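Below is one structure, written out as C-alpha cells; comments come after it.
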Amino acid sequence: MRATRRHGITAALTVLLSTAGAQVAGAQSDPLTPTGRWSANQRGDAALPPMGWSSWNAFATDITEDKILASARVIADTGLAAKGYRYINIDDGWWLKRRLSDSRMMIRSANFPSSMIAGKDPSFRPFTDKLHAMGFKAGIYSDIGRNSCGQVFSSTMPNQPEGSVMEREIGLYGHVDQDIRLYFKDWGFDFIKVDACGIRGLPASNPAVKAGKYRAFVPLIDADSLARTDVPVVRGLYTQVADALAKYNDANDYLFSLCLWGSADVRAWGKNIGGISRTSEDISPHWGRMLHNLDTVSRRALYAHPGSWNDPDMLFVGSGDFDERHMTEAKSHFALWAIENAPLFIGYDLRKASPALLDLIGNARIIAVNQDRAGNQATLAFDTDEVQIFVKTLANGDKAVAVFNRGSGAADVVLTADHLAYRDTADVELTDLWTGAQSKFRKQQSLKLAPRETLIFTAKGDRQLRDGVFLSEQPGSVNAAVDGVETPQPDPLVHRAPLAWQGTRGAGDFPRYGGWGGARVDRTPYDQPLGVAGEALPHSLGVLANSRLEVRNTGYRTLRTRVGIDDSTTDHARAVTFLVYGDGRLLAQSRAARGGEAAQELSANVAGVKIIELVARSPGVGGAQISVDWGAAALTR
Ligand code: GLA
C-alpha cells in the first residue's frame with residue numbers, strides 16, 4: 001500500500017482501516033444491499049445550515065480577541081443574533097505553539113489576553129464563556145496534518161506558530177484525541193473547522209521543508225489530481241476526528257466543518273461524517289470566484305441534507321466586488337448562498353459595516369429561506385452559463401425561487417409555473433424577498449434583470465402533484481448513498497476564474513473537484529435531459545446504474561415512478577433492474593430493462609416505512625456507464 005511506505009502513523013492507520021474495511025466487507029460486501037438506514041451524518045448540531053461569523057475573510061491571520069468580540073457585539077446589538085447568526089468562529093492565527101513536555105496546544109495569549117490565567121495554563125475558557133454568555137456558540141480551527149494553511153502557503157502572514165520544528169506542529173496529526181478533548185471539553189468550543197493543508201503542501205521538495213523549517217509530509221492530497229490522492233487514508237483521518245468529537249461532546253451540541261476544498265472525492269464521503277463540507281477552493285471577493293464556488297454546490301442537491309450541508313465557503317459580502325458600491329453583486333452572493341442552504345458565515349469586520357450591508361445580511365425573509373426546516377437545497381429548474389433559475393421546496397410546500405443573471409448584460413427571463421412544479425391553470429402568488437411586494441401571474445411571468453442581478457421570491461401555487469411530492473422536489477430527504485461512480489472524475493461544469501492566491505501564474509483553472517457522474521435532479525449524471533425511449537421525464541432523478549438512493553418517508557403511503565435506462569446511454573447490451581425497498585424489505589421490482597425500451601411503471605406501498613431505498617442494479621462492472629431514470633418518482637398520501 002502506497003501510504004505504508006511513507007508515514008509510520010499513516011501506516012498504522014491504514015492497517016486499522018483495512019481491518020475495519022474487511023469487517024465491513026464481510027458483513028456487507030455488496031454496497032447495494034439495502035440497510036434500512038439513513039447513512040448521511042446525523043451526529044452533532046447541523047439540523048439547519050449554520051449561521052454566524054468567521055474571522056478569516058475579514059482579518060486572515062491578523063486576529064485578536066478584541067477584533068473578534070467587536071464583530072460579535074455588532075451581531076448582538078444590531079439584532080443579527082436574534083435572526084440566527086450564532087457561531088463566532090476563530091480561523092487560522094490563534095496558535096502560539098505545541099508545548100513539547102506534554103504536547104498541549106498553547107494560545108497566542110498576547111492577542112487573546114483573557115486566556116492568561118494566573119498560575120494556570122492558558123485557556124480559551126474565559127473567551128468561550130464570554131461568547132456563551134452573549135448567547136453565541138464558539139468555533140475554533142485546526143488542520144488534519146502537522147501544519148497549518150498559513151504555515152504551508154504563506155511566508156508573510158502574521159501570528160505564525162513559534163519555536164522549534166516540533167513546537168510549530170500545531171495540527172491534529174497524531175494528536176486528535178488530546179486536541180479535541182482540550183478544545184471541546186476543556187475550552188468549551190462548539191464548532192471546529194479542520195483544514196487539510198498539512199497533508200497537501202509539504203512534500204520534501206517544498207523550499208521551507210528543504211530549509212529545515214517543517215518536516216516533510218508526503219502529500220495525501222493533490223488538489224489538482226484525484227489520481228494522486230489517497231482517498232481512503234484522508235477519509236480515515238477525518239473519521240478519527242468525527243469520532244473524537246462524538247466522544248468529547250456528550251450533549252451532541254457540536255458542529256464538524258470539513259475543509260478539504262472539494263478534493264479527495266470528499267463529495268462521496270464528507271456528508272457521512274461532517275455537518276458541513278467545503279466543495280471548492282477558497283472564495284475571494286471577485287465575481288468570477290463567487291460563480292466558481294456557487295457552481296461547486298449547485299448540482300449537488302442530493303448530497304446535502306439536514307445534518308450534512310454543502311459548504312461553498314464563507315460570505316464575502318462587504319468586500320471587493322461585493323462591497324457597498326456593488327450592492328447588486330452583494331445581494332446576489334447572499335441570496336444564492338441562502339437558497340443553496342450554504343452556511344451563512346459573515347466574513348466582514350462588522351465595525352465597518354454600513355446600514356445597507358447590515359440590512360442585506362439581516363434580510364429575515366431570505367434568512368428564512370436558508371433556515372427552512374425541510375432542508376431542501378435549491379435545484380436548477382433552468383440552467384445556462386448566463387441565466388439560472390434555482391427552486392427550493394419549503395417545508396410548507398411553497399417554493400422559494402431565485403432568478404439569477406450571471407452575465408454582464410441585461411437579461412429577459414420568463415419564469416413559468418412549470419419551473420415551480422405548479423399548474424398553469426391557477427395563479428401563482430409571488431412575494432419579492434427584497435421588497436416584500438406581492439404580485440401574481442398565470443402561466444408565466446416576464447422579468448427583466450440587470451447585469452449580475454438576482455430576483456428572489458417565495459411562490460404559492462397549485463401543485464402539479466396535489467396529494468404528494470416529487471422526490472426531485474425534496475432532495476434534502478434523498479441521499480445518494482451509492483451513486484454508481486466507480487472512479488471519481490472532476491466536474492467540468494464549474495465556472496473557471498483565476499484563483500486569488502495564484503493569480504494568472506500557471507496555465508489557469510481546470511476541472512478538479514470530484515463529482516462528475518453523480519446523482520442529479522432533473523438531469524442525467526452527465527447533464528443531459530432525462531428521458532426513456534423518447535418519453536421526456538420531468539420531475540425525475542438521474543443516477544448511474546449500480547446505485548442506491550436512500551429516501552426518508554414522512555408519512556406517505558405510496559411510491560410511484562417510471563423507470564428505465566436513459567436515452568443518453570449508448571450501451572444497449574447491459575440490463576438494469578430497478579428495486580424498491582422499505583426499511584430493508586423488497587417492495588417492488590422491475591423487469592430487467594435495456595436501453596431503448598419503454599419506461600416501466602413501478603409502484604410500492606410504503607405505508608409505515610421510514611427509509612425507502614431505490615436500487616438500480618446492473619450485472620458486471622466497468623465499461624460504459626449507464627444512466628438510469630427514476631422518472632417522476634413521487635410519494636403520495
Ligand atoms: C484555507 C481555508 C480557508 C482558511 C485558510 C486559513 O485556505 O480553505 O478557509 O481557513 O486556510 O489559512
Side-chain angles (χ1 to χ4, degrees), residues 50 52-63 67-68 87-96 108 111 139-161 168-173 183 189 191-202 208 214 219-224 234 238 241 255-264 266 270 274-286 289-290 292-293 296-297 309-317 319-320 337 342-348 498-503 509 512-513:
W53 180 93
S54 164
S55 56
W56 179 251
N57 287 349
F59 300 114
T61 54
D62 192 10
I63 51 173
K67 288 180 181 174
I68 294 170
Y87 286 94
I88 302 295
N89 294 341
I90 307 178
D91 206 283
D92 202 348
W94 64 266
W95 24 43
L96 184 64
R108 183 172 287 277
N111 289 347
I140 194 164
Y141 170 86
S142 192
D143 195 283
I144 199 77
R146 298 190 188 106
N147 297 99
S148 68
C149 290
Q151 289 177 312
V152 173
F153 287 111
S154 158
S155 53
T156 53
M157 289 200 289
N159 300 325
Q160 294 305 317
R168 283 186 280 106
E169 292 185 349
I170 41 60
L172 294 173
Y173 196 78
Y183 302 164
F189 283 100
F191 172 107
I192 188 166
K193 168 174 164 185
V194 179
D195 228 318
C197 291
I199 60 170
R200 166 181 180 175
L202 289 172
Y214 305 115
L220 294 168
I221 291 178
D222 183 332
D224 296 336
V234 176
Y238 275 87
V241 179
L255 204 150
F256 183 20
S257 160
L258 275 66
C259 185
L260 289 98
W261 337 278
S263 74
V266 67
I276 59 177
S277 177
R278 279 274 298 275
T279 52
S280 65
E281 298 277 1
D282 292 3
I283 193 168
S284 63
H286 302 103
R289 283 311 282 192
M290 189 279 286
H292 175 96
N293 284 39
T296 61
V297 296
W309 308 103
N310 287 323
D311 177 4
D313 206 355
M314 299 165 285
L315 294 165
F316 241 127
V317 171
S319 306
W337 258 234
L344 297 180
F345 289 132
I346 301 163
Y348 192 63
L499 179 57
W501 51 266
Q502 204 162 352
D509 197 26
R512 65 177 65 197
Y513 310 119

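Quick note: residue numbers are just sequence positions, from 1. It should be emphasised that the depicted structure is a prediction, and the values quoted were computed from it without experimental measurement. Just follow the structure's listing: the first ligand is 1, and inside any ligand the first atom is 1.
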Q: Classify the side-chain pair Asn159/Thr61 by whether it contains a donor and acceptor separated by less than 3.5 Å.
A: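 The criterion, which ignores hydrogens and geometry beyond distance, is not satisfied for Thr61 and Asn159.
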
Q. Should the pair Phe345 and Tyr87 be assigned to parallel (<30°), tilted (30 to 60°) or perpendicular (>60°) ring geometry?
A.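 Geometry flag for Tyr87 against Phe345: perpendicular rings.
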
(Q) As an exercise, state the distance from CG of Asp92 to OG of Ser142, rounded to the nearest 0.5 Å. (A) 9.5 Å

Is ligand 1 less than 4.0 angstrom away from at least one heavy atom of [X]?
X: Met314; value: yes
X: Glu281; value: no
X: Phe153; value: no

Ligand-side contact atoms (ligand 1) for residue partner [X], heavy atom cut-off under 4.0 Å:
X: Asp92; result: 6 (C), 12 (O)
X: Lys193; result: 3 (C), 4 (C), 9 (O), 10 (O)
X: Asp91; result: 4 (C), 6 (C), 10 (O)
X: Arg278; result: 8 (O), 9 (O)
X: Gly150; result: 12 (O)

Q. Taking heavy atoms and a distance under 4.0 Å, where does Cys259 meet ligand 1: side chain, backbone, both or neither?
A.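 Contact part for Cys259 vs ligand 1: side chain (C-beta onward).
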
Q: Mind checking whether Asp195 contacts ligand 1 via backbone (N, CA, C, O), side chain (CB onward), both or neither, at a 4.0 Å heavy-atom cut-off?
A: side chain

(Q) Can you confirm whether or not the ring centre of Phe189 sits under 6.0 Å from the ring centre of Trp94? (A)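 So the answer is no for these two rings.
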
Q) Knowing that exactly one of Asp195, Thr279, Asp313 qualifies, which makes a side-chain hydrogen bond (donor to acceptor under 3.5 Å, both in side chains) with Trp261? A)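 Considering Asp195, Thr279, Asp313, a side-chain hydrogen bond (donor to acceptor under 3.5 Å, both in side chains) with Trp261 is found only for Asp195.
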
(Q) Are any of the N/O atoms on Trp261, whether in the backbone or the side chain, positioned under 3.5 angstrom from an N/O atom of ligand 1? (A) yes

Q. Which residue from Val152, Asp282, Val194 reaches closest to atom 7 (O) of ligand 1 through any of its heavy atoms?
A.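 The option holding the nearest heavy atom is Asp282.
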
Q) Should Asp224 and Arg512 count as an ion pair when the cut-off is N to O under 4.0 Å? A)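 Looking at Asp224 and Arg512, the cut-off is met.
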
Q. Would you say the side-chain atoms of Tyr513 pair up with the backbone N or O of Glu281, donor to acceptor, closer than 3.5 Å?
A. yes

(Q) Taking Arg168's backbone N and O only, do any of them form a donor-acceptor pair with Gln151's side chain (distance below 3.5 Å, no angle check)? (A)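 A pair under 3.5 Å: yes.
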
